[in-house]
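Below: the structure, in structure tokens.
Because the structure is predicted, anything quoted here is derived from the model rather than measured. No hydrogens, no waters, no symmetry mates; every other heavy atom, side chains included, goes into these values. Positions are given from 1 along the sequence.
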Amino acid sequence: MNIKFRSTLKLSQVFTLCCFIICGCSTASDTNTRAALKFSTITSVASPTTSSSVNQEIAPLSQVAPFDLVAAKFEAFVKWRRDCSYKPRFCDIGEFTIIGTQFSDDFAAMMHEYGANNIVARPGEGERKVTVESISNDESTMTAIVHGCVYDTVVLYMGAGVYDDKVASSLSSWTMQWHNGDWFWTNYQIHKKVYSQNLCNS
């Protein structure tokens, strides 16, 4: 009986020791985990100054009115239109026109015709310089009309031959429409056009 009791006591002590070891490891692990979590939290939280400056940077961007974006969007549009003349077959019509509208279809047809007949402009062979004179906005229709002058010295080639090398200038206007959170080109008008002169200097 005494031997049995001692064996039981010994087993009990071993079991208790194992529990202490296991619990001790668990506690140490929890401590490390908590320390790591606390460290992560501290290092990831921005200081009041940083948080404030981030909010000041983000807020104006989210509060920009659509009409404040017209000038920058038009500048990007002029570059896109130039690039389309270099590679009409690869012109992304939907980037600046509203697919499905008559204007978009007409422009796509022109680019298709240019591509099919290999009519292209070449970088460095003249330029199409656009000068913006004014921008009028209509909030009731969410349209903006860019009024400007174009001085066009671009040489168009058809294959190896010259297709059009006339120098021209024109007083023009471009209509931009606010659609799905962006500005798109929906109309183009030439009000006056002359050859071998630069209206933009007058």
Side-chain angles (χ1 to χ4, degrees), residues 54-115 119-156 163-202:
V54 167
N55 289 337
Q56 286 173 359
E57 288 176 11
I58 293 172
L61 292 176
S62 62
Q63 295 170 7
V64 173
F67 290 108
D68 292 338
L69 302 171
V70 175
K73 190 67 177 181
F74 183 75
E75 185 179 343
F77 154 74
V78 170
K79 181 182 181 300
W80 166 82
R81 179 64 185 87
R82 182 198 66 200
D83 291 345
C84 282
S85 70
Y86 294 153
K87 296 180 179 180
R89 290 182 185 178
F90 300 102
C91 180
D92 181 1
I93 306 297
E95 187 175 346
F96 274 92
T97 71
I98 302 171
I99 299 294
T101 62
Q102 187 63 52
F103 185 80
S104 179
D105 291 347
D106 290 345
F107 183 74
M110 184 179 78
M111 287 294 104
H112 177 74
E113 184 181 343
Y114 275 33
I119 299 172
V120 296
R122 296 175 183 171
E125 299 282 338
E127 66 174 337
R128 192 168 190 267
K129 188 174 181 181
V130 178
T131 306
V132 175
E133 295 176 348
S134 65
I135 299 175
S136 56
N137 303 323
D138 186 343
E139 292 186 12
S140 63
T141 58
M142 288 305 290
T143 56
I145 300 178
V146 180
H147 306 274
C149 189
V150 180
Y151 182 55
D152 191 349
T153 61
V154 172
V155 179
L156 290 177
Y163 176 72
D164 184 358
D165 62 352
K166 292 187 293 293
V167 173
S169 61
S170 59
L171 300 177
S172 306
S173 62
W174 299 259
T175 301
M176 310 293 283
Q177 175 74 53
W178 183 253
H179 175 74
N180 287 344
D182 209 346
W183 288 104
F184 291 88
W185 181 38
T186 58
N187 198 15
Y188 175 61
Q189 288 185 304
I190 297 174
H191 305 289
K192 182 180 180 179
K193 186 171 185 174
V194 297
Y195 294 95
S196 303
Q197 293 181 48
N198 188 355
L199 286 172
C200 304
N201 286 340
S202 58

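- Annotation: ring pair (Phe, Tyr, Trp, His ring centres under 6.0 Å) contacts of His179 (sequence neighbours excluded): Phe184.
- What you find for Cys91 and Trp80 is that their closest heavy atoms are SG-CZ2, 3.7 Å.
- Partners of Asp83 under the salt bridge (charged side-chain N to carboxylate O under 4.0 Å, His left out) rule, at least two apart in sequence or in another chain, are Lys79.
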Pair Lys129-Cys200, side-chain contact (heavy atoms from CB on, under 4.5 Å): steps then yes or no: CA-CA 9 Å; Lys129 188 174 181 181; Cys200 304; over 6 Å; no
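- Note: Trp178 CH2 to Asn137 CG = 12.0 Å, rounded to the nearest 0.5 Å.
- In this structure, the separation between CZ on Phe96 and CH2 on Trp183 is 13.0 Å, given to the nearest 0.5 Å.
- No more than 12 heavy-atom neighbours from other residues, nucleotides or ligands sit within 6.0 angstrom of CD on Glu139.
- Within the 4.5 Å cutoff, side-chain heavy atoms of Gln177 are placed close to those of Met142.
- Under the 4.5 Å side-chain criterion, counting only non-hydrogen atoms from C-beta, Ile98 is in contact with Thr186.
- For Phe67, the CZ atom counts as densely surrounded, since its 6.0 Å shell holds more than 12 non-hydrogen atoms of other residues, nucleotides or ligands.
- Side-chain contact between Val132 and Phe74: present, with at least one pair of heavy atoms (C-beta onward) separated by less than 4.5 Å.
- In this structure Ser140 satisfies the side chain to side chain donor-acceptor pair (under 3.5 Å) test together with Asp138, sequence neighbours excluded.
- Two residues are said to be in side-chain contact when any heavy atoms from C-beta on lie closer than 4.5 Å; Ser104 and Ile93 meet this criterion.
- Atom CD of Gln102 and atom CG of Asn187 lie 11.5 Å apart (nearest 0.5 Å).
- Applying the salt bridge (Lys or Arg N to Asp or Glu O under 4.0 Å) rule to pairs touching residues 165-181 yields Asp164-Lys166, sequence neighbours excluded.
- Residues meeting the side chain to side chain donor-acceptor pair (under 3.5 Å) test with Glu125, sequence neighbours left out: Tyr157.
- Not counting sequence neighbours, the partners of Tyr188 by the ring pair (Phe, Tyr, Trp, His ring centres under 6.0 Å) test are Trp174.
- Applying the salt bridge (Lys or Arg N to Asp or Glu O under 4.0 Å) test to every pair with at least one member in residues 86-115, sequence neighbours left out, gives no pairs at all.
- In this structure, the side chains of Val146 and Val70 come closer than 4.5 Å at one or more pairs of heavy atoms.
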Step-by-step side-chain contact (heavy atoms from CB on, under 4.5 Å) determination, Tyr151 to Thr131: CA-CA 8 Å; Tyr151 182 55; Thr131 306; over 6 Å; no
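- Of the possible polar contacts, one joining the Ser169 side chain to the Leu199 backbone as a donor-acceptor pair under 3.5 Å is found.
- Between Thr141 and Thr143, the shortest heavy-atom distance links the atoms OG1-OG1, 2.8 Å.
- Remark: Ser85 engages no residue in a side chain to side chain donor-acceptor pair (under 3.5 Å) (not counting sequence neighbours).
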Stepwise side-chain contact (heavy atoms from CB on, under 4.5 Å) test for Val64 and Leu69: CA-CA 8 Å; Val64 173; Leu69 302 171; 3.5 Å; yes
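- The closest side-chain heavy-atom distance from Tyr114 to Val120 is not below 4.5 Å.
- In this structure, the side chains of Ser172 and Val150 come closer than 4.5 Å at one or more pairs of heavy atoms.
- Residues Arg81 and Phe107 form a side-chain contact, since some pair of their non-hydrogen atoms from C-beta on lies under 4.5 Å apart.
- Scored by the ring pair (Phe, Tyr, Trp, His ring centres under 6.0 Å) test, Phe103 finds Trp185 as partners (sequence neighbours excluded).
- Applying the salt bridge (Lys or Arg N to Asp or Glu O under 4.0 Å) rule to pairs touching residues 182-195 yields Lys73-Asp182, sequence neighbours excluded.
- Applying the side chain to side chain donor-acceptor pair (under 3.5 Å) test to His112 and every residue at least two apart in sequence or in another chain returns nothing.
- For Ser173, the side chain to side chain contact (heavy atoms under 4.5 Å, CB included) test picks out Ile145, His147, Gln189, His191, with sequence neighbours left out.
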